[in-house]
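Have a look at the structure below before the remarks.
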Amino acid sequence: MTEQKKPDVPPFAERSYCGELGESNAGKSVHLFGWVHTVRDLGGIIFIHLRDVTGTVQVVVDAASPQALKEAASSLKSEFVVHALGPVRKRAPEAVNPSHPTGTIEVLAESIEVLNDSLVPPFPIDSPEQPGEETRLKYRYLDLRRDDMQEAILKRHTCVQTMRRYLNNHRFFEIETPTLNKSTPEGARDFLVPSRINRGRFYALPQSPQLFKQILMISGFDRYYQIVKCFRDEDLRHDRQPEFTQVDLEFSFVTPDIIMREVEGLLADVVRDIRGIDVPCPFPRLTYDQCMERFGTDAPDTRFNLELRRLDDIFANTGFNLFKSALAVGGTVKGIAVPDNGTFSRKTVDQLADEIRRFGAKGLATVRFTGDAFDGGITKFLGDGEKAGLVHRFGLSGPMMLFLMADAAAVVNDSLSYLRLKIARQQGLIDEDALNFLWVTDFPLFEYDPETGSYGAVHHPFTAPTPGCLETLDHLTPENVATVKAQAYDVVLNGSEIGGGSIRIHTTGIQSRIFSILGISDEEANEKFSFLLEALRFGAPPHGGIALGLDRVMMLLLKRHSIRDVIAFPKTQKGQCLMSDAPSHVSDHQLAELSIKTVK
RNA sequence: GGGGUGUUAGCUCAGUUUGGUUAGAGUACCUGCCUGUCACGCAGGGGGUCGCGAGUUCGAGUCUCGUACACCCCGCCA
């Protein structure tokens, strides 16, 4: 409507950013390009909050403005893309908004040009309230405009920049590995990609660049890293997507200790840049066996206590039949003691007992310690020696509620570790600002499957045993298998595994022995890993590495509840992208080219 | 493969226990008013396949069965 002469192309090169304006810019005329965040039309005066990637700033069209400008301003709607031009000015003291980063200034509009209009957005961009997951994923481009998503994506950028800087400074080389690779039946299910040129053959997307990074060590690039997508076709969880990002590291001439120190330095830098706090290094370390004993899990949350205590000895001669029979068949008795804050009614305890049935738990015994005596629950089954044992084992002094279980070790550990976390949350024992890193070391090398009578690799088949366990390999039994430890380590943050790695086998002799224990024949090994096995014969250096889950690290550092909230374009639990509608059907022509027929 | 929660206006949610008049609220949207707002305010207005499909019933948002989708969990994830 205005007759002002405008250049064909707005002066993008002279752009200023909304969120970077401050009192030091007062008097300067600025060109702003951004989205209309809010419009407040008071009649004679109109306030517009304009938003770009740096934040928002108030643009004001005051009563003295030309009528055309006032009309243009009052016709603005949410999410219109505009070019605003005008001088920055300090606000009057009574007009300052201290809760806003740019609240001390505003831009007095001299012109406002609509570069593009917008439909009414399906949900508000300016509200901290999140729409439903489905709506957010369908309109992901709008969801990503919201403040918390902008923060997540930008901090993720900061995180990878920090990591690259650290790794570059520590003599790591960033090297790419193939995405189209060979399928290996071990581990997770592969995503397959049909080959057009090679009819009937398939590539697999990498579950991790494991073999290639080992090959790079053999090639002499003695420190490698890659921030890389990995793919696993398994069911999704809040912390598992079919494609996810690993920070993948591999070192030559290395001990677990060297790797752990480097990862500690890397994560400490990231935490400093993302959260602005210093993480104490080195991180605490626990062995796998210690973890299972004290927490019932290999990824314990150490932000609170409520540790598990083994009670087998106390109940060795118990008259309580449930415990007696569990111990008789090789089970274990463990328990946790929780401050009794009066919330443990019969109903809440029954509810907890019900929740652990998913782990196979058949029951949950409780007993209350009042401060000087036991009361309720299984009190009547407890002898004096057992009572004294419990007081001593748990260090009971004040009122406590004891949760006791007798069952197979796995059931007891799964159930009690779940209860430990659940009760800690209920009682508010967890400091949500804390970042408790932990190394878990000395994992078992193998796991025994009684159903098939075979051994499997806990980490992967290239993991080196600890030197002291080599002899046991020659007479391995289901009884002593747990004593064979791997040079493998996980890094845990607040009860979530955020990374894991190992020292690799670098000689063919040991590798063959491991394959044979795993029931992998020479032919099979050659068919699957021949290039690695052959490469090991050409002067493979001692090497090892680790991979960190970038999505999980970001989720935890930003206190989000799902890795979906730190991934720009995540998939739903059924593996679909609600925005692009992947996966989709393809044409018969495409299938024919690939020599593929689908079955109903 | 299994268990659980949810699905009502564009969005966030009440209403479902105990079936019963025309299904509500906040917000967003539209119209008008408003000269310092920043969750602007005031007045008015439009907006519903109660996820979908069957069934029970005189009558279903509400009860039953099936089903779709989203989320959480078990299995799975070297």
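Reminder, nothing fancy here: chain letters follow the sequence lines and each chain counts from 1.
Rounded to whole Å, atom P of B:C76 lies 21 Å from atom CD of A:Gln241. If you measure from atom CG of A:Leu236 to atom P of B:A70, you get 11 Å, rounded to the nearest angstrom. Rounded to an integer number of Å, the gap from A:Ile125 CD1 to B:C38 P is 22 Å. Remark: C1' of B:G3 and CD1 of A:Ile356 are 16 Å apart, rounded to the nearest angstrom. The nearest whole Å value for the distance from the CZ atom in A:Arg240 to the C1' atom in B:C73 is 11 Å. Distance A:Asp581 CG to B:A70 P: 11 Å, rounded to the nearest Å. Rounded to an integer number of Å, the gap from A:Arg358 CZ to B:C76 P is 15 Å. Whole-Å rounding puts the A:Asp298 CG to B:C77 P distance at 14 Å.
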I'd like a table of atom pairs between the protein and nucleotides 7-11 of chain B - only N or O on both sides, under 3.5 Å - with the distance next to each one.
| unit_1 | atom_1 | unit_2 | atom_2 | d |
| --- | --- | --- | --- | --- |
| B:G10 | O2' | A:Pro122 | O | 2.8 |
| B:C11 | O4' | A:Pro122 | O | 3.0 |

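Taking the P atom of each, B:C11 and B:G1 are spaced 31 Å apart, rounded to whole Å. Taking atom P in both B:A9 and B:G53, one finds a spacing of 16 Å when rounded to whole Å. Here the separation of B:A28 from B:A39, taken at their C1' atoms, is 13 Å to the nearest Å. For B:U12 and B:U56, the P atoms lie 35 Å apart once the distance is rounded to whole Å. When the P atom is compared between B:C72 and B:U35, the two are found 50 Å apart, to the nearest whole Å. Nucleotides B:G10 and B:A23 have their P atoms positioned 16 Å apart, rounded to a whole Å. Comparing the P positions of B:U18 and B:U22 gives a spacing of 24 Å, expressed to the nearest Å. With both ends at atom C1', the span from B:G6 to B:G46 equals 30 Å, rounded to whole Å.
The number of heavy atoms from other shown groups lying within 6.0 Å of OH (A:Tyr17) does not exceed 12. Atom NZ of A:Lys138 is surrounded by 12 or fewer heavy atoms from other residues, nucleotides or ligands within 6.0 Å. Annotation: A:Tyr203, atom OH; neighbour count of heavy atoms from other residues, nucleotides and ligands within 6.0 Å does not exceed 12. The local environment of OH in A:Tyr139 is sparse, with at most 12 non-hydrogen atoms from other residues, nucleotides or ligands closer than 6.0 Å. Within 6.0 Å of atom CZ in A:Arg425, 12 or fewer heavy atoms from other residues, nucleotides or ligands are found, so the atom counts as exposed in its surroundings.
Using N1 to N3 plus N6-O4 or O6-N4 for Watson-Crick, or N1-O2 and O6-N3 for G-U wobble, each under 3.5 Å, B:A23 pairs with nothing. Applying the Watson-Crick and G-U wobble criteria (two distances, each under 3.5 Å), B:G45 pairs with B:C29. With a cut-off of 3.5 Å on both Watson-Crick or G-U wobble distances, the partner of B:G61 is given as none. Summarising the base pairing, B:U7 is matched to B:A68 through a Watson-Crick or G-U wobble pair whose two defining distances lie under 3.5 Å.
Ring planes of A:Tyr489 and A:Trp439: perpendicular class, angle over 60° (limits at 30 and 60°).
In this structure, A:Ser417 and A:Phe295 approach most closely via the heavy-atom pair CB-O, 3.1 Å. Closest non-hydrogen pair, A:Thr102 versus A:Val57, comes out as OG1-CA, 3.6 Å. Residues A:Thr54 and A:Gly19 approach most closely at OG1-N, 2.7 Å, considering heavy atoms.
Formation of a donor-acceptor pair under 3.5 Å by the A:Asp52 side chain with backbone atoms of A:Cys18 is found in this model.
Residue side chain A:Arg237 reaches the base of B:G75 through a donor-acceptor N/O pair under 3.5 Å, judged by distance alone.
Contacts of A:Pro87 classified as side chain to side chain contact (heavy atoms under 4.5 Å, CB included), with partners at least two apart in sequence or in another chain: A:Leu108, A:Glu110.
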For this session: Would you mind building the protein contact string for nucleotides 30-37 of chain B? One character per nucleotide, 5' to 3', B for base within reach (heavy atoms under 4.0 Å), S for sugar-phosphate only, - for untouched.
Result: S---BBBB

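Taking every side-chain heavy atom of A:Glu234 into account, B:C76 is the closest of B:C76, B:C71, B:C38.
At B:A70, one or more side-chain N or O atoms of A:Thr572 fall inside 4.0 Å of OP1 or OP2 (strictly under the cut-off). OP1 or OP2 of B:C71 has not a single side-chain nitrogen or oxygen of A:His238 nearer than 4.0 Å.
Within 4.0 Å of A:Arg564, counting heavy atoms only, lie sugar-phosphate atoms of the nucleic acid but no base atom. The residue A:Ser208 sits close to a base: some heavy atom pair falls under 4.0 Å.
Remark on RNA chain B: of its neighbouring residues A:Gly575 and A:Ala457, the 5'-side contact belongs to A:Gly575, judged by nearest-heavy-atom nucleotide. Nearer the 5' end of RNA chain B, as judged by each residue's closest nucleotide, is the contact made by A:Lys571, out of A:Lys571 and A:Arg552.
Under 3.5 Å, the side chains of A:Asn97 and A:Gln58 contain no donor-acceptor pair of N or O atoms.
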